[in-house]
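Everything quoted here is computed from the prediction, not taken from an experiment. Numbers restart at 1 for each chain; the letters A, B, ... are given by sequence-line order, proteins then strands.
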Amino acid sequence: MIKWSDEKTKAFQKALLTWYDTNKRDLPWRKDHEPYHIWVSEIMLQQTQVNTVIPYYERFMRLFPSVNALANAPESQLLKAWEGLGYYSRVRNMQRAAQQLVQDYAGRWPHSKAELQELVGIGPYTAGAIASIAFQQPEPAVDGNAFRVFSQLLEIDADITKPQTRALFEKVIRQIIPIDRPGDFNQAIMDLGASYMTPKNSDNAHSPVRAFNQAYLDDRLNEFPVRSKRQKPVDKHYFALVIRTPAGFLFQQRASNALLAKLWMFPLIDIDSLQEANPDLDESGLLQMAGKQFFEDTELQIELQYLDVPAVSHTFTHQKWHLTLVSADLKSKPDLSHFSGKVVSEDEFEQLALPTVQKKLWAAFQTRQIKLF
DNA sequence: TAGGCGTGGCT
DNA sequence: TAGCCAAGCCT
């Protein structure tokens, strides 16, 4: 077990917190220690950069200023407020947790890390952050910054992508976190990880804790943290259907268990599975098959047409989408009884929560308008 | 435990 | 470009 002496620990705390007191970032969620403010910011900051979060946080607080407001908001409005931020289950889980707080806790926050972690969407990191920052509990908050900072300080070579590694880091940090300023300590580690001890272009020579950084002193910074490689995203091919009717465009609400759950998009048809089922079809045959699949229950014969617009590609964490825009113009409203969608006029687009890939599709479709006129 | 789940910045 | 990374959690 790695351990610093009490003297070294105290000296580290002092160096870190003295630096933090003078140099901490001025962030909107640092104006007070309201658990609601800390919570919302921590959820938004999961896998998301600070500069991206700031405007979303400001807007979210205007729209949903309290746990109660969040608990009672329409889901469509929540998703719209989250549009473009990604990982959309975060906001749906946050509303469920808000409802848990109202119903099970009478609107009063639990203070312990263990109780906080029982709320949906609050894991070990976020529970530690709220417990330490809002409630002054001496709990570690181990995020990517803490993994990087402490792996370098103590030359810890455990693979940080393995779940059991978290326990090791929490044990180390429990020995170092000051009992009187746990929240500031955790935030100081994050500010350190965002300034001197960054993943790339770090500046450890000027770091306030360089004297405690064993990997720096040994010139072994590039060896830490240890992290196994990620999988490559899998290629997926779809037709994106631009179905126009006199009343507007046909949009589909994505299934609640799908990628981009409950967001609105042009309907997609999976080309890869079409191709697998019909290996001999050429491009026009595939398109015909897609049309048959989509307009299955209609009596009309509706032909999809290729659009002369650039293909759209969009990369998620685990999938890379390749989208081919195709279209059909309908003289009347289609039969939507078997379909989770609706017809939306162009003026109504902005009310729907649209994922970034849909915005790319729309932009690509617009290039067609420019060519035509 | 490993894979699913978004997006944007940076190299 | 393609790959890596950013205040992770759920199943």
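Taking side-chain N and O atoms only, A/R227 has no distance below 4.0 Å to OP1 or OP2 of C/dC4. The side chain of A/K232 contributes no N or O atom lying less than 4.0 Å from OP1 or OP2 of C/dA2.
At a threshold of 4.5 Å between side-chain heavy atoms, the hydrophobic network of Ile, Leu, Val, Met, Phe, Trp and Tyr places A/I173 and A/Y125 in two separate groups.
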Practice prompt. Evaluate the salt bridge (charged side-chain N to carboxylate O under 4.0 Å, His left out) criterion for residues A/K342 and A/E348: first the C-alpha distance (whole Å), next the side-chain angles of each, then the deciding distance (0.1 Å), finally the verdict.
Written response: CA-CA 11 Å; A/K342 60 181 178 183; A/E348 297 168 324; over 6 Å; no

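Applying a 4.0 Å cut-off to non-hydrogen atoms, the residues of residues 12-35 of chain A that approach DNA chain C are A/R25, A/L27, A/W29, A/R30, listed by residue number. Non-hydrogen atoms lying under 4.0 Å from DNA chain B are contributed by nothing in residues 112-139 of chain A.
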Discussion item. Counting Watson-Crick and G-U wobble pairs with both distances under 3.5 Å, what is the dot-bracket string for DNA chain C, 5' to 3', using [ ] for crossing pairs and | for pairs to another strand?
Written reply: .|||||.||||

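For A/H37, there are no ring pair (Phe, Tyr, Trp, His ring centres under 6.0 Å) partners two or more places apart in sequence or in a different chain. Residues passing the salt bridge (charged side-chain N to carboxylate O under 4.0 Å, His left out) test with A/D203: none are found, sequence neighbours excluded. Among residues two or more places apart in sequence or in another chain, the salt bridge (charged side-chain N to carboxylate O under 4.0 Å, His left out) test is passed with A/E83 by A/K80, A/K359. Considering only residues two or more places apart in sequence or on other chains, A/R166 meets the salt bridge (charged side-chain N to carboxylate O under 4.0 Å, His left out) condition with none of them. Every residue meeting the ring pair (Phe, Tyr, Trp, His ring centres under 6.0 Å) condition with A/F64, not counting sequence neighbours, appears here in chain and number order: A/F60. Remark: A/D191 pairs with A/R25, A/R30 by the side-chain hydrogen bond (donor to acceptor under 3.5 Å, both in side chains) rule, at least two apart or across chains. Contacts of A/T18 classified as side-chain hydrogen bond (donor to acceptor under 3.5 Å, both in side chains), with partners at least two apart in sequence or in another chain: none.
A side-chain donor-acceptor contact under 3.5 Å links A/T126 and A/Q46.
Side-chain atoms of A/Q136 never come within 3.5 Å of backbone atoms of A/P182 as a donor-acceptor pair (strictly under, hydrogens ignored).
Applying the 90° criterion around 0 to the glycosidic angle, C/dA6 comes out anti.
Residue pairs that meet the ring pair (Phe, Tyr, Trp, His ring centres under 6.0 Å) test with at least one member in residues 255-291 of chain A, sequence neighbours left out, are A/F251-A/F266.
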Worksheet item: In B/S/- notation, 5' to 3', how is nucleotides 4-11 of chain B contacted by protein heavy atoms closer than 4.0 Å?
Response: BBBBBS-S

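Residue A/R174 qualifies as enclosed at atom CZ: its count of foreign heavy atoms under 6.0 Å is above 12.
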